[in-house]
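Below you'll find the structure, written out as structure tokens, and then a few comments.
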Amino acid sequence: MIHLQQVSVVYPNGTRALSNVDLHIERGEFAFITGASGSGKSTLLALVYRDIAPTEGKVIVDGQDIAKLPPRRVPYLRRKVSVVFQDFRLLPDKTIWENVGFALDVLGASRREKHHKVPLTLELVGLSSKAEDYPRELSAGEQQRVCIARSLVNMPPVLLADEPTGNLDPDMSWEIVQLLADIAGQGTTVVMATHDKRIVDRMGRRVVQLVQGMMVRDAKEGGRYDAP
Amino acid sequence: MIHLQQVSVVYPNGTRALSNVDLHIERGEFAFITGASGSGKSTLLALVYRDIAPTEGKVIVDGQDIAKLPPRRVPYLRRKVSVVFQDFRLLPDKTIWENVGFALDVLGASRREKHHKVPLTLELVGLSSKAEDYPRELSAGEQQRVCIARSLVNMPPVLLADEPTGNLDPDMSWEIVQLLADIAGQGTTVVMATHDKRIVDRMGRRVVQLVQGMMVRDAKEGGRYDAP
Amino acid sequence: MRLNTIEFLLQQSWEGVVRNGLVSLAAVANIAVALVVLGAIVLTGVNLQHMASLQAEAAVITVDLEDEADTAEIQAALLGRQQVKEAKFVGKDESLLKWAERIGLELPEPDPDRRVKLITELLGGNPLPDSLCVKPVDPQDIPAIAAEAKKIPGVAEVRYGEQVTEKLLTLARGTKISGLVMGLIMGAATLLIIGTTIRLTIYARRREIRIMQLVGATNWFIRIPFLLEGVFQGLAGALIAIIILLPAYSYAQGYIDRNLEFINLVYSTEVLAIFAFGLVACGLVFGAAGSALSLRRYLRVV
Amino acid sequence: MRLNTIEFLLQQSWEGVVRNGLVSLAAVANIAVALVVLGAIVLTGVNLQHMASLQAEAAVITVDLEDEADTAEIQAALLGRQQVKEAKFVGKDESLLKWAERIGLELPEPDPDRRVKLITELLGGNPLPDSLCVKPVDPQDIPAIAAEAKKIPGVAEVRYGEQVTEKLLTLARGTKISGLVMGLIMGAATLLIIGTTIRLTIYARRREIRIMQLVGATNWFIRIPFLLEGVFQGLAGALIAIIILLPAYSYAQGYIDRNLEFINLVYSTEVLAIFAFGLVACGLVFGAAGSALSLRRYLRVV
Ligand SMILES: Nc1ncnc2c1ncn2[C@@H]1O[C@H](COP(=O)(O)OP(=O)(O)OP(=O)(O)O)[C@@H](O)[C@H]1O
Ligand SMILES: Nc1ncnc2c1ncn2[C@@H]1O[C@H](COP(=O)(O)OP(=O)(O)OP(=O)(O)O)[C@@H](O)[C@H]1O
Ligand SMILES: [Mg+2]
Ligand SMILES: [Mg+2]
């Protein structure tokens, strides 16, 4: 589903964020990306939803080389690839309900479809009572869960989660990760960047580790946060 | 240093974020605030730097009842109370260097003082190489450390840290918490809201736990994340 | 586009106007002021032009004939030119009568023929020549016609109040040109102001636009609410401009009519309807074009 | 305030102008356009006023005397009124000569006295009366003086070209009033536009302002860069307006001087200097006031 071939990223200011990364993630797989702060996890995910283009190498998502994707095709890629952003990125002038619904609006979903799916998804992340509030009226952890709900609601083939539990307590974090694992079980490809050692160790799934933009480890099954 | 007496907070939209909280933190103390997502940790800290006023009760900081502080005195309170924000809040049009220096600018610090203190503090959080970059060019964890540097640079009597390690890897998190503990040892009062069970347990300091806005536990010494 | 999408976009635009009251106010005020100024310039220009042409239309060329000239031939020669609309013969006696009237000579004689006789006696003869009163098709051509007329044999002198006519023509031309220039400058300034204002509103909402892009909204999906918002604002600005200009103009027209009859303002329902329609059209174009141009720049980077 | 702080704030303001090029452009363009329009209105008003008063100044009242009237006494009576500046005696012969000249009566006689005699013979007597040519201190008083003069014994008739004089006075008054009204409206609109534009720039930077407040910056510390930015922008707008208006006016003045001598534009370095100074002052006030008003609203909540 996601194939990075010899990918390097150098930002305009000269920072080398990724170096020669080769990564292949199959449909329905669940993979963790770990690495210290600034090691390139968010950059790697940004390549997949085409927020940045690789300086070198190929990025192939769902069989398509997206480095060469013309700008007007990018929105259609992004409808297949949902993202839980590290900094949430909710629309401040829309309620929680509308924020989650927006992911359906861009698909041209009907009012009925929205009224069916949005409450269901809010229920999943435990925010039914906050549906009519605005993002600024929520705690950080609640905002993070809204972002998770938005990325789930349109049942995307690919789900990227960038530190989705950074503002959640351990119990809630575990629930959310279970949720993501469930979705992966239903055929969605899930890639999650995280610092949460406990979760990674407990899940025992594939772990890709980055150090200063280089892929230093790819533990396929029963992966642990620290190299053994 | 910080005294909350029977404090309740009800937000304009009717959400009851804190109920009858009584909390007393002495000068130079280091305390953790724990609790599930939405339990009122950020609200409690916001009372201390007067971002919100209590609906009921008294908030006394450095001997001053700040619920009655006139608006034009608020900036002077905030110079005594530095905050590491959960969402960083860096000035987007200023470089990292300028962002950290800004905490000194508001005090009317001299150019020389800034040129002495800013690099030193950036060194402390491991960001010397990013001094001339803008916030948008940094990873989330790097931005979080800039916010930590900004709160340290003016050596405040009170330091509030709201989930300061949410975007940091375990090693970096531990370093930062050590740093905060050092500062507490030098007489600064440090209050840190966190979800990081490992850090809380390893530090064994005072732990205040909130559940739905109520203070359910205040473990003075050798506190653990979960109630025993 | 699906019906759901259209419904959603319309709702978005309307919410944009309501939620961003401040921003909308700025844009609407800008457009209204610009259109008031533009409209005032147009009205002033139209009226000056109208007055100048009224005056110029009354302008004639007087061609004095020699005593033994062949009137019919000269008349034919003049009418042969395309620029000449009319060349009426005015006898010397008729001219004399008019002259006497103009200077206020009071004679107790009502019969024209006998009046002529009396004046002729009084002055010891009629000093005036026969003449042709020539009207041009376009007042602009007066000097050219006069120059040509002078060359025709049998023409003694050609007069046409050079001073006044030429001044009026210059004034009319000047008004047309400067009105056009002012109008163009103001139009450009309006577009600039509206463009920057809308760009500013987009700048103020840059984070939201980026978020929408990241969630998979196409540029058109993001653009349309802004465009419609611009159109709404343009419309509102135009309506305000009309509400200010039309009553003000009608008041000015009444005031001038009562106090300064020699000034003659254009005031027909038809003209004012066209004018109001023009304002609305300008507002729409300005609003839409301003948004469109600003959006282009801001949405280029996906 | 400490020197460090002042240095920092000045630097901030300048950076604000440079970094927010777009925002600044909008504000500067707004101010420039508003000042150009305002300036054009003021210039037009001043000139119309000037022309009207020039014309009105030439206005005189002709007081016709009865044959046996005591000229000196009537003259004294008129000059006794404060509104009267001059009352010159004009004999009936002088009037006759002027009349003959006006109607273009051609006489082969150069000597004035003998010309008078000839005309008198021609007309069978001089029908004109002796008269006084009265000049008012203020043309506005003409109707009042005329009414008073009529009551003096020995005065046969009072004439003052009611039509033209009153029209000119009305025009002058109308210009003054409508110029003032237009100026006020434009001034208010300008303040509104600048205010909303600056409010928009502050709105666009609301997060930054909030962050500064959270880090302990006083409201003045935050305000001053915005205020100075407004002042810079006002200054820039005024300079642009001057660069557009003065050459345009000078060109128009030259053009009109060459082509339409009967129009007389005000054109002295002194007046233009005052005008330019006024524009700069307006720009400064607009920029500073616009920022100040907008900041008040946005910084109220700490
Ligand atoms: N500005 C606001 N207006 C209304 N309700 C608010 C506002 N801010 C927070 N709340 C609500 O108050 C409660 C406490 O929020 P707070 O931000 O203090 O939680 P928290 O403990 O910091 O959570 P987290 O760990 O997710 O950051 C939550 O239910 C939240 O939805
Ligand atoms: N827009 C950008 N321009 C320039 N440099 C950037 C940009 N974004 C990130 N970087 C740099 O690239 C490197 C990798 O950043 P990235 O955001 O991918 O790290 P990360 O692994 O997500 O870190 P974190 O755990 O802190 O979120 C960092 O050194 C960062 O400073
Ligand atoms: Mg990251
Ligand atoms: Mg919080």
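A, B, ... follow the sequence lines: proteins, then strands. Residue 1 opens every chain.
- Of the two parts of B/Asp133, only the side chain, counted from C-beta on, holds a non-hydrogen atom closer than 4.5 Å to a non-hydrogen atom of chain A.
- Surrounding CD of B/Gln212 are at most 12 heavy atoms belonging to other residues, nucleotides or ligands under 6.0 Å away.
- For a residue to count as touching a neighbouring chain, one of its non-hydrogen atoms must lie under 4.5 Å from one of that chain's; by this rule B/Tyr225 touches chain A with the side chain only.
- A distance of 5.5 Å separates CZ of A/Arg198 from NZ of B/Lys197, quoted to the nearest 0.5 Å.
- Neither the backbone nor the side chain of B/Thr165 comes within contact range of chain A, judged by heavy atoms closer than 4.5 Å.
- To the nearest 0.5 Å, atom OG1 of residue B/Thr194 and atom CG of residue A/Asp169 are 11.0 Å apart.
- With a 4.5 Å cut-off on non-hydrogen atoms, B/Asn13 touches chain A through its side chain but not through its backbone.
- Rounding to the nearest 0.5 Å gives a distance of 9.0 Å between CG of A/Asp87 and CG of B/Asn167.
- There is no contact between B/Lys41 and chain A, counting heavy-atom distances below 4.5 Å.
- Counting non-hydrogen atoms of other residues, nucleotides and ligands closer than 6.0 Å to CD of B/Glu123 gives a total of 12 or fewer.
- Heavy atoms of B/Glu163 lying under 4.5 Å from chain A belong exclusively to its side chain.
- Interface remark: of the candidates B/Glu132, B/Gln143, B/Met172, B/Arg145, B/Arg145 forms the most heavy-atom pairs closer than 4.5 Å to chain A.
- Interface remark: B/Ser37 contributes backbone and side-chain atoms alike to the contact with chain A (heavy atom separation under 4.5 Å).
- At a 4.5 Å heavy-atom cutoff, the contact between A/Thr15 and chain B is made by side-chain atoms alone.
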